[in-house]
A.B. asks: 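Next up is a structure, given as structure tokens.
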Protein chains: 2
Amino acid sequence: MKPAPVYQQIADDLRRQISDGTFPPGSQVPTEAELLEKYGELHGVRSRQTIRQGLGVLVHEGLIEARRPKGYFVIQRKRLVYRPQAELRQKPPEIDVFTNLVQEEDGRTPSQDIEVSIVNPSHMIRERLGLEPGELAAARRRVRKLDDVPYNLNDSYVRLSLVQGTDFMHPGDVARGTNAVLGELGHELVYGFHEFYLRMPMPDEVQRLQLGAGVPVAEHLSTTFDSEGNAVQVTVNLIPGDRHVIVFETHRGAEANAPRIPWGNP
Amino acid sequence: MKPAPVYQQIADDLRRQISDGTFPPGSQVPTEAELLEKYGELHGVRSRQTIRQGLGVLVHEGLIEARRPKGYFVIQRKRLVYRPQAELRQKPPEIDVFTNLVQEEDGRTPSQDIEVSIVNPSHMIRERLGLEPGELAAARRRVRKLDDVPYNLNDSYVRLSLVQGTDFMHPGDVARGTNAVLGELGHELVYGFHEFYLRMPMPDEVQRLQLGAGVPVAEHLSTTFDSEGNAVQVTVNLIPGDRHVIVFETHRGAEANAPRIPWGNP
DNA sequence: CGCAACGCATTGTCTGGTCAATGCAATCCG
DNA sequence: CGGATTGCATTGACCAGACAATGCGTTGCG
């Protein structure tokens, strides 16, 4: 049996101590210097780099973060409910995905930055919207925040010819919701197709969402169709994994007996 | 303006070259020695550690992997469709989540290792199943594979008193499906509540699923209820982010006009 | 020919340092 | 008192090496 590298043992020791409550969420783990002393006696570790390598493992796993010049601390963040099914709910109309989140987490004030533009969208979007070569789209990009910290990105794309001159292009809140605007235009959204891709964020996404190390994201592609089966809108949501739990429900037969759920996070 | 650290510049350069096609998926990127020579001239980098730090960034982002003694290579893996909604579909009964996956990716042979045991489940499970203190549960753990490489983990928990002595406890394939077994016991599953938690995998999960560095996972908690609103089964699915796309659909009103989708991955 | 042994390029682990950057706390000064 | 300065512990970046482990290809031997 080959012994694990020292830096792995350090990571394993700390990970176990974090999960068994020795270092609860929010608490400080030993500093590099303290660990160097400890593992110097135990395993003959003499270099600070080796200690750093071990701590780096946990940082990349999203378990701890470095707060200079204090030390390393165990991470914990509360998760908000992300409920993609709520988008096609009819009542009440002002409860969209975002407000749905917010109601679960009151005490914090939501806000969003909205930016509307005309774009030549990516292949991925063109394909789902069924755009002709050269055809343009309207893009409605939103950064949704809670107490001014970004919680997710939400970019909606619609065939330009469909919404030019309508409220969809208004770069601000639309009280009745943009989905209502599309309904008024004769394209009520009745069917949604949802895809979730899991990956690590790109550096620009790290900056825009102020992500820590080791935080994965879900790229949620939502394609919505009108009653005639035409793709009307494609929305790209970028959801930081450490701040959300994605929730939805499935039914068979009557919609009765959906129980209330009193659980916390795992 | 403060210049970015050298190792970040190296990572950024390589990342750009990967995304713009200079290094397509599967191709080799320069070795540490080659990069050391290049950035030695450009930025005066003299230590191999600094090069390794830059490459390490991309490894942790899941973009490249090291294949000793060849060098570093750009990663790409095909994603299978993970369709949690299919579980409550009634016809055909033998199409469960897994076979549903497989049909999208023929040419590969599916298999699963099944293990049944009686356990005292975690708080998270107890809470969702509504277990009394001290009450035990039956656990049916499956490792699902394609061509003998693991694709996901699937652990189902049911109140022990409900299934003791039934086919649910059979440690092998149950042709009609375990959900049908629960149906025969008078607990037809009609409602499902689904939670997805995104995170980096624990080391044991890395080993069991043979995950590469920088691959996030989704922990999918599925709680299913019978027609009387009782929680019957909790299933914990562990889904490697690099091998799956999670898909589901939403409807409003009639189920008509669900279009066929001809898209590839983004 | 077939197989074992060896060489070799490459990445993995670790040493033992140096200097910079950060942010908090104590201190100093008007 | 109150604001600016300084000190200090800590992490961040980087250096210049050493030796181990891995797996592929070649070489050599029976």
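Every chain is numbered from 1, with letters handed out A, B, ... down the list of sequences.
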A.B. asks: Pick one: which of T223(B), T235(B), V236(B) meets side chain to side chain contact (heavy atoms under 4.5 Å, CB included) with Y157(B)?
C.D. replies: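 When T223(B), T235(B), V236(B) are each tested with Y157(B), the side chain to side chain contact (heavy atoms under 4.5 Å, CB included) holds only for V236(B).
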A.B. asks: Would you kindly compare A33(B) and H43(A) by the position of their nearest DNA chain C nucleotide and give the one closer to the 5′ end?
C.D. replies: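 Mapping each residue to its closest nucleotide by heavy atoms, the 5'-most match is A33(B).
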A.B. asks: Under the 3.5 angstrom rule, does the side chain of R140(B) hit a backbone N or O of H170(B) as a donor-acceptor pair?
C.D. replies: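 Judged by distance alone, yes, a pair lies under 3.5 Å.
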A.B. asks: Between the side chain of E205(B) and the main-chain N/O of M202(B), is any donor-acceptor distance below 3.5 Å?
C.D. replies: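 Between the backbone of M202(B) and the side chain of E205(B) there is a qualifying donor-acceptor contact (under 3.5 Å).
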A.B. asks: 5'-most contact on DNA chain C: V45(A) or R52(B), nearest heavy atom basis?
C.D. replies: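 Per heavy-atom nearest nucleotide, the more 5' residue is R52(B).
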A.B. asks: Between dA16(D) atom C1' and L36(B) atom CG, what is the distance in whole Å?
C.D. replies: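 After rounding, the reported distance stands at 11 Å.
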A.B. asks: Look at Y72(A) and dG12(D) and indicate whether a side-chain polar atom (N or O) is within less than 4.0 Å of OP1 or OP2.
C.D. replies: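 So the side chain of Y72(A) is within the cut-off, an N or O lying under 4.0 Å from OP1 or OP2 of dG12(D).
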A.B. asks: To the nearest Å, how far apart are Q9(B) CD and dC14(D) C1'?
C.D. replies: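 Atom-to-atom, Q9(B) to dC14(D), this comes out as 14 Å.
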A.B. asks: Whole angstroms only, please: what is the CZ-P distance between R67(B) and dG25(D)?
C.D. replies: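 Rounded to whole Å, this separation is 14 Å.
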A.B. asks: Give the rounded distance in Å between these two atoms: CD of E65(A) and C1' of dT10(D).
C.D. replies: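 Computing the E65(A):CD to dT10(D):C1' distance gives 15 Å.
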A.B. asks: Does the pair R15(B) and D12(B) meet the rule for a salt bridge (Lys or Arg N to Asp or Glu O under 4.0 Å), with working shown?
C.D. replies: CA-CA 5 Å; R15(B) 193 186 297 105; D12(B) 291 348; 2.7 Å; yes
A.B. asks: Counting only side-chain N and O atoms of Y7(B), is one of them less than 4.0 Å from OP1 or OP2 of dC14(D)?
C.D. replies: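 Result: no.
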A.B. asks: In whole angstroms, how far is the P atom of dT10(D) from the CD atom of E37(A)?
C.D. replies: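 Spelled out: CD on E37(A) to P on dT10(D) is 12 Å.
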A.B. asks: Regarding G44(B), tell me which of base, sugar-phosphate or nothing describes its non-hydrogen contacts under 4.0 Å with the strands shown.
C.D. replies: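 Result for G44(B) = sugar-phosphate.
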A.B. asks: In whole Å, I'd like the distance from the CD atom of Q53(A) to the P atom of dG12(D).
C.D. replies: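 My rounded result for the distance is 14 Å.
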A.B. asks: Once you round it to whole Å, what is the distance between C1' of dA9(C) and CZ of F73(B)?
C.D. replies: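 Checked: the CZ to C1' distance equals 12 Å.
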A.B. asks: Please assess Y82(A) against N152(A) for the test side chain to side chain donor-acceptor pair (under 3.5 Å), listing each intermediate value before the final yes or no.
C.D. replies: CA-CA 10 Å; Y82(A) 181 80; N152(A) 61 56; over 6 Å; no
A.B. asks: Hey, is the side chain of T50(B) poking within less than 4.0 Å of OP1 or OP2 on dC15(D), counting only N and O atoms?
C.D. replies: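 The answer is yes; a side-chain N or O of T50(B) sits under 4.0 Å from OP1 or OP2.
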A.B. asks: Under the side chain to side chain donor-acceptor pair (under 3.5 Å) rule, what do E32(A) and Y72(A) come out as? Steps first, then yes or no, please.
C.D. replies: CA-CA 9 Å; E32(A) 295 177 357; Y72(A) 292 86; 2.9 Å; yes
A.B. asks: To the nearest angstrom, how far is R46(B) atom CZ from dG17(C) atom C1'?
C.D. replies: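 Those two atoms, CZ and C1', are 15 Å apart.
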A.B. asks: Do NZ/NE/NH1/NH2 and the carboxylate oxygens of E195(B) and R79(A) come within less than 4.0 Å?
C.D. replies: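 Between R79(A) and E195(B) there is no salt bridge, as every charged N stays at least 4.0 Å from the carboxylate O atoms.
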A.B. asks: Heavy atoms under 4.0 Å is the rule here; annotate nucleotides 18-26 of chain C 5' to 3' with B where the base is hit, S where only the sugar-phosphate is, and - elsewhere.
C.D. replies: B--BBB---
